[in-house]
Structure formats: structure tokens, C-alpha cells
Number of protein chains: 4
Amino acid sequence: MFEQNQLLEELHFEGEEFTPKQKKIVAAAIEIFAEKGYAATSTSEIAKKAGVAEGTIFRHYKTKKELLLSIVAPMMAKMIAPFVIKDINRVLDKDHDTLEDFLKEMIKNRAAFMEKNMLLFRIVVQELPFQKELQAQFKEHIVAKVYKRMERIVEHYQQNGEVVEMPTKTVIRLFLSTIFGHLMARFFILSPDEWNDEEEMERTVQFLVRGLRPW
Amino acid sequence: MFEQNQLLEELHFEGEEFTPKQKKIVAAAIEIFAEKGYAATSTSEIAKKAGVAEGTIFRHYKTKKELLLSIVAPMMAKMIAPFVIKDINRVLDKDHDTLEDFLKEMIKNRAAFMEKNMLLFRIVVQELPFQKELQAQFKEHIVAKVYKRMERIVEHYQQNGEVVEMPTKTVIRLFLSTIFGHLMARFFILSPDEWNDEEEMERTVQFLVRGLRPW
Amino acid sequence: MFEQNQLLEELHFEGEEFTPKQKKIVAAAIEIFAEKGYAATSTSEIAKKAGVAEGTIFRHYKTKKELLLSIVAPMMAKMIAPFVIKDINRVLDKDHDTLEDFLKEMIKNRAAFMEKNMLLFRIVVQELPFQKELQAQFKEHIVAKVYKRMERIVEHYQQNGEVVEMPTKTVIRLFLSTIFGHLMARFFILSPDEWNDEEEMERTVQFLVRGLRPW
Amino acid sequence: MFEQNQLLEELHFEGEEFTPKQKKIVAAAIEIFAEKGYAATSTSEIAKKAGVAEGTIFRHYKTKKELLLSIVAPMMAKMIAPFVIKDINRVLDKDHDTLEDFLKEMIKNRAAFMEKNMLLFRIVVQELPFQKELQAQFKEHIVAKVYKRMERIVEHYQQNGEVVEMPTKTVIRLFLSTIFGHLMARFFILSPDEWNDEEEMERTVQFLVRGLRPW
DNA sequence: GATGAATGAGCGTTCATTCAT
DNA sequence: AATGAATGAACGCTCATTCAT
């Protein structure tokens, strides 16, 4: 079974207490939701995989949807962690003088994150089109915050002379779709033998740097 | 209701005959599948929206999944039409001398396609992670064919001197993720007033051309 | 099993069509609701007794409560039929010159009704304290109408000199509680060998006539 | 919340000890049973309203039904208290020479009782049709005892010349249904502004006295 | 071709009850 | 005495599918 301890550490914070059974339920739910999707997953299947009685699920989560959200909501926060950590400005100004350094750091960081959270990431991406609540959360917390940070970063590199003068929104779009494509290819489309991580990262970064360089 | 006539013309070819009821069923199914996903859609809901009896659906499609596949399979073929139409080579060699022209044409073409087929496109993208049959079809028909064509195109522009020497697979990845991002932003993320089509296309194309230009 | 044909004739009117299975469902539901009460009756029990699949119940009635109401609502109308039939005035004025005649006729009539509808009557009485919808219906349709008719009747016999001058409401209360007690004793409390119908009716009527006679 | 102290004093006698939590459980159960009925009340609802853990209920009562019976059984005894108190004979012979006095005393007494125990009374009446155990208790303890006493009382007033010669059972029936109707009207049907207690009692008593007076 | 009644397995959820703490 | 996590049977209800008409 999925390495649940690590997972649970991620989800479990603040005042919440997780009983052992609850941990098993969450771990099982993550696996099955990722594989078959929320709607096609039955609570009895989760219970069986978790090795608990079906009623136990509903002692901890009022509904199946609450179980989904309890898994996905904190995940969404984590997905954008690097954009909201306050250090980012310092990092930005000091360590990553060049856009290239910044991009490399960002891709490495997000790849490391995905390696640890692939299943959760899948669930978020797969359910986003269907769950209105997720979309609301996503818009409010994710889009807003990420956009704000990205805006400052883009402006920084535009003043820097490394990024062409172009609407921030467009730069962010090109930036994110390239990185998203990079991560999808690595984690969901290509097999490891089709992927040399060092080289592909270098190419992705070069593509971005040159594509956005002032014309 | 979705302009079903147009839709059905798209799906209906060769020897198949569609009764009026069947057309209504397909049109209703497309709308609901797109909105709530295949698994969360009930056949009774489709029947009600289509204005037919529940049994009628199963007169035309043995199972609910067959209904899905009957909708999605021809769609997948259409998604890659421009890559398989035999003219493409001619087009490639003659009309679009430059990469820029080619990219513009491609984006315009795919955007026009999506405008007409947004719902169907949504269904394909949303169900691909869950439906093994779709994945098989996708890999066999789409990936293989598109990749083959794209390979030739990329090589053409590499020999041309417009695209950097780099593994074809990588070029295709950068290429597709940028175009995919462009289309998603336009059709699913941004509102019309956030999007100036001419300008954004120009920027997307410039980004690609410069990002892939020999170093 | 309960004589369902007769019952269904009672419940089935106007445009409604009852399938054979539906009739069986209603008949089974009446029996079990009467015996164990609505809340303690499971739909699976009804289905089993009716000899149908559980799903069949929900094809005809959206919810268990709708099944209850479909049984009970028309019953409530019937309970007060003699009070709303327009003939009552004629009957009152012509045939039953004396209070005694009127009371005898009324008791006989309601006893005959209960004989045919004991189970349905039980359900109404048992569920009235719990079902808000029933209470609303009861107040609106039953209480209001019965009270209006009874008022006229009471006034008639007061002008007649057979009933003491006393608030109508009070006369009705004494009148109804005596008749209700009569019917309960006969149908629900005493065994047939404890009950001589002719004699008991005579006594009930005499009690009422003398109790209400002008002081 | 219902004034539980008073209630508990009523229920708590002999060797039984009630912990504070137990008192809260009983008080909560009474309220909810009265409102929604035994079968439609869940133990978790009782626990929540009582502010205790679900398990606590089952520490004091082996089953939900035992909780019901622990509430209802002593209540049934109280309902007939005036009929079993040994003083009744003395009362009968000395204080209440006339039937009128006796009836007034009886009605006042039962009204006072109901004022204090309306919820409990509701539960008894509502559950009697469904709970076999209650019916057994009711028949054995209530009916039997009340009937025995009533018999003597009726005979007393028959010898007295105040009550007509008629089967005791019938007299008791007329007597009880009138009093029951009086109490129901006052406590469950009519609003206080529709009810003048002094006057209504006078009318009820007069009705009984005259209705039962020798013909 | 179309219907809609009928099915029974399975759904998400609640239930009364148990038991280790 | 009190807790509350855990149970698994049962609940009301929905599901995709069948079939006689």
C-alpha cells in the first residue's frame, strides 16, 4: 500500500487528530480516487481497501464528498506553497539573479513536490472539472495568490531586461503551460527511459528563456 | 439545447442511420457528460433531457459505456484530422514556408475546431484518465499518428534551420504544451474580455518561434 | 391478504392508473403501516410482502413518505364524506326530524365506514401526531369543513329545542368525543362478545340526547 | 429545555440513583420521543441533545427500548394514581357526596396531572399502538385496576340514584371518553384563548351528570 | 423503433450497539 | 461513570439494464 505515513504527515496538521483507521481510510481513498475518479469510487470499496467497516468512514467524514475535500483542499494549498512562502522574495532577489536560475529552481522544486504527491495531484486535476467547491477554492486561493506572486516575479525580470515587455498575464500563461507540460510529460506521459531529467530540464529552461527574451 | 444538427453531422458518417430520438439522445448525453462527467451521469438523466424513454437509449446502445465511446471515438479522430489529412505534406512544403506561418495556421485551425466541438473536447480530456478503452484508442490512433506527422514537420523545420537541433520528442512536447496552453486559456480559463485573439496568437507564435530557434 | 380490490377502488380515482404491482405495493404498505407504524416499516419489508422488487416501489412513489401520503390523503377526504356531501342538509331537514334519528344515522354511517377502512383509519390516527403534512391537510380540509357543517347542525337542533344553548364548539366537542369513544370501543378496544351493537348504540345516543337536552 | 428536575423527581423513586448525565439523557429522550415518536428518534440525536456521548446512553440502558420503557412505565402508573390510592374510597364516601363533586374533582386532578406531564402523556398515547410491551403493561396494570375502581364508583352512584342502571362497562366508556375528550381539547387541540377552563369544566360535568342520570 | 414497468445489485448513509480506554 | 471510535446490518433510494407490449 501507498506509503501512508508520509502522506498523512502532509495532510495532518494543526489541531486535527487522526486515528489509525482514519489514516487507512484516507490512504485508501487517495489511491482509488486517483485511479478511478471520485464518482466511480464507492465507499464500500474504500472501506474494503482500508480494512475498516464502511460505517467507520462516515464516523470521520459526514459524506463521501467531505472525504474528497478533506484530501484535496490541503493539497491545493501545498501545490502553490512555493508561491506564497514569504522567502520567495528574498530568494528572488538574492539567490536567483538570472531567470534561468529561477526557472531551474522552480521546476526542480515542483518536480520534487510532484514526486511525493503524484496521486494527490492527479485527483486535483481530474476532479477540478467536476467539483464546483474545488473550483471555487482553486480560484479563490490558488489562482489569486499564484497570480499575484507571479506578477511580481515577471515584472522583476522584465525590469531586469530578461523578459520581453508583454502583458503579464500572457507571460504567466506561457510560463505555466511550459512548466505544466514539462511535469506532465515526465510524470504522466513518458516512461523513465524516455526521459533524461537533466537534459529535459535544461531544454525546457532554454526554451523559456529564449522564448521570453526581449525581441 | 446544443445545436444538435451540426453535432450529429459530425458524428454521423458512413452507413450509420440516426433516428430523431437517437440524435436527441446523443445531444443530451454530450451536454451532460461534459458537465458532470461520465460516471456521475445517469442514463435516466440523459433520457429525461433527451425527451425519450429510458429503454430507448438501450435500443441504440447496448450499454452506457457504448454510448460514451460512440460519442468520443469519432471525436478523437477529428481532433487530429489536420495531422492525418494527406494534404498536410503539400501544405507543409508549399504554403507554409516559414515555421511562423505553419504555427499560425495550426493554431487557427485547432481553435476553429474547438469552437465547434468544445463539449466533445471536454469529454475526451475529462474521461481520458478514467477510460482504459479511450486510452488505448488514444495511444494507438492519436499519439502514434500525430507523433509520426509531427516528427516529419519538426525535422523539416530543423533542416530548414528554423528549429534548434534537439530530440524531436522534446520539440513536440514544447510545441504541444504551448499550443494546448493557448487553447485552454482561450476556451476554458479566460473570459472573452481578457483575451484579444490576434494579439495572443501573435505572442504565442513568437514565443514558440524564438524559443525553438537554433541557439 | 387484505382485500385489495376493494381498497384500491377506494384509493384509485380520476386519471390515475394502477399497475398490478402498484396495487400490491399499496395493499402491503397499508397492512404494515397499520401494524407497526410508518417509521418502523422498511421499504424492503413492504416489497417482500407485496412480492415485488424494492426498486419497484420507488418507480411509483418517489419516496417512502410519498407512498404514505398517497394512501392517507384520500382517506382523510373519505373520513369526512358525510359532512361534505351536499345532501346532508336535505337529510337534516327532512329525514331526521329528531336529534336521536340524526345521531343514529351518523353513528351507523361512520361505523360502516370504519368497518371497511379500519386499517386506513388506524394509519391516519397513528401518524397524525408525527406527520406535519398530514396535520396541515387535516386542519385545512377536515377540521374546517367538518366544523362548518357541524355548526349548522348544532344550531339547527338548538333552534329545534333539542340541544341546550351552549357554545357550538363545546357541543361539537362533547358530541364528537362521545362518538369517537363509541367507535374506538367497538373497533379497537372491546372484543365482539363484549359488544352488542344495537344496545350500545341506543345507550350512546340516549346519553348524548339527554346530556345535551336543554337544562 | 424541559424542566428536568421536576420530571426526574417524578420518574426517580425507590433505590434508583440517577447520575446528572442520566437525568439529561432522560430529559432529552422525553422531548424527542414526544415530538417525533420512538421509532423516528435516533439514539445519537438523544445523545447530542443531552450533551453526552452516545455510549453513555447504553451504560444506563441496555437498549433504546429499555430507555423508552423506563420512561413510560412509571408514567403509566401515575396516570391512574387517583384510581389506586387507597384513600379513594374514603374520598368517595365522605367528601364527594354527589356525582358532580366527584367528576369535578377527578377532572381537576387529571388536568393538573397532564399539565405537569404533557410530554410523557403524549409518548404513552402515541406509542401504545406500536409497543406490545406497553400494551401488556397497560392492560394488566391500568385497565384492570382502573376498571375495578371505576366499577365500584359507578355502582356507588347507581345505588345512589344518580346514575342510570346500565352495564358498568358502558357507563365507564361514556365517562372516560367524555373526560378524555375534555382533556384532549384543552391540552392538544384548542388554544388557550379558545378555552375558558371553569366554564368548560362546568359544561362537561353537566353533560355527564345529565347524560347518565336515570331515565 | 419506442415505451415504461420491472428488476436486483449496489449506492451513500444511518442505525443501535459494543468495547477498549 | 463516561467516552467516542468502531462495527456491520439495515436503511431509503438510484442505478444500468431487460423485456413484454
Side-chain angles (χ1 to χ4, degrees), chain A residues 17-22 24-25 39-47 50-67, chain B residues 17-22 24-25 39-47 50-67, chain C residues 17-22 24-25 39-47 50-67, chain D residues 17-22 24-25 39-47 50-67:
Chain A
E17 305 276 330
F18 279 70
T19 72
K21 301 258 174 185
Q22 190 172 4
K24 284 182 175 180
I25 289 166
T41 299
S42 75
T43 50
S44 84
E45 201 180 352
I46 296 171
V52 305
E54 208 171 340
T56 307
I57 295 175
F58 293 93
R59 184 145 291 279
H60 295 290
Y61 304 93
K62 272 201 285 291
T63 63
K64 187 182 140 189
K65 179 152 278 165
E66 193 182 297
L67 171 58
Chain B
E17 303 278 331
F18 278 70
T19 72
K21 301 259 175 187
Q22 190 172 5
K24 284 183 174 177
I25 289 166
T41 299
S42 74
T43 50
S44 83
E45 202 180 351
I46 296 171
V52 305
E54 284 200 59
T56 308
I57 293 175
F58 293 92
R59 188 140 293 280
H60 295 288
Y61 305 93
K62 271 204 288 292
T63 65
K64 184 181 145 190
K65 180 152 278 167
E66 194 183 295
L67 171 58
Chain C
E17 305 276 330
F18 278 70
T19 72
K21 301 259 174 185
Q22 191 174 3
K24 285 183 173 178
I25 288 166
T41 299
S42 74
T43 50
S44 85
E45 202 180 352
I46 296 171
V52 305
E54 207 171 340
T56 306
I57 294 175
F58 294 95
R59 183 146 292 277
H60 295 289
Y61 305 93
K62 272 201 285 293
T63 63
K64 186 182 139 188
K65 179 153 278 165
E66 193 183 297
L67 171 59
Chain D
E17 303 278 330
F18 279 69
T19 71
K21 301 259 174 187
Q22 190 172 4
K24 285 183 173 177
I25 289 167
T41 300
S42 74
T43 50
S44 82
E45 201 180 351
I46 296 171
V52 306
E54 282 201 59
T56 307
I57 293 174
F58 294 90
R59 188 139 293 279
H60 295 288
Y61 305 92
K62 270 204 286 293
T63 65
K64 184 181 145 191
K65 181 152 277 167
E66 193 182 298
L67 170 57

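When reading the values below, keep in mind they use all heavy atoms of this one structure, side chains included, and skip hydrogens, waters and symmetry mates. The sequence lines fix the lettering, A, B, ..., with proteins before strands; numbering per chain opens at 1.
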Nearest whole Å is fine: how far is E/dC11 P from A/Leu67 CG? 15 Å

For the pair made of CZ in A/Phe18 and P in F/dA5, what is the distance, rounded to whole Å? 13 Å

D/Lys21 NZ to D/His60 NE2 distance, which is reported to the nearest 0.5 Å: 9.5 Å

Compare side-chain N and O positions of A/His60 against OP1 and OP2 of F/dA6 and report whether any pair is under 4.0 Å apart. yes

In this structure, how many angstroms lie between the P atom of E/dG12 and the CD1 atom of A/Ile25, rounded? 14 Å

Whole angstrom is fine here: how far is it from CD1 in B/Ile57 over to P in E/dG1? 15 Å

I'd like to know if B/Glu54 pairs up with C/Arg59 as an ion pair, taking the criterion as any Lys NZ or Arg NE/NH1/NH2 lying under 4.0 Å from an Asp or Glu carboxylate oxygen. yes

Apply the test side chain to side chain contact (heavy atoms under 4.5 Å, CB included) to residues D/Ile57 and D/Lys64: give CA-CA distance (whole Å), side-chain angles for both, the deciding distance (0.1 Å), then the verdict. CA-CA 8 Å; D/Ile57 293 174; D/Lys64 184 181 145 191; over 6 Å; no

For nucleotides 16-21 of chain E, just jot down a letter per nucleotide in 5' to 3' order: B, S or -, based on protein non-hydrogen atoms under 4.0 Å. BBB-B-

Rounded distance (nearest 0.5 Å) linking atom OG1 of D/Thr56 with atom CD1 of D/Ile25: 6.0 Å

I'd like to know if the side chain of D/Lys62 and the backbone of D/Leu67 have a donor-acceptor N/O pair within less than 3.5 Å. no

What integer distance in Å separates D/Tyr61:OH from F/dA2:C1'? 15 Å

On DNA chain F, nearest-nucleotide positions of D/Lys21 versus A/Lys21: which is more 5'? D/Lys21

Between B/Glu45 and B/Thr41, which heavy-atom pair has the shortest distance, and what is it? OE1-CA, 4.2 Å

Give the C-alpha distance, both sets of side-chain angles, the deciding distance and a yes or no for side chain to side chain contact (heavy atoms under 4.5 Å, CB included) between D/Tyr61 and D/Gln22. CA-CA 10 Å; D/Tyr61 305 92; D/Gln22 190 172 4; 3.1 Å; yes

On a heavy-atom basis, the closest approach of B/Ala39 and A/Ala39 is CB-CB, 3.7 Å

For DNA chain F, just give me the dot-bracket, please: Watson-Crick or G-U, both distances below 3.5 Å, ( ) intra-strand, [ ] crossing earlier pairs, | paired with another strand, . unpaired. .||||||||||||||||||||

Minimum heavy-atom distance between C/Thr43 and C/Phe58, given as atom pair plus value: CG2-CZ, 3.6 Å

Side-chain atoms of D/Thr19 come closest, of E/dG4, F/dA5, F/dA2, to F/dA2

Value in whole Å for how far the C1' atom of E/dA2 lies from CD of B/Gln22: 12 Å

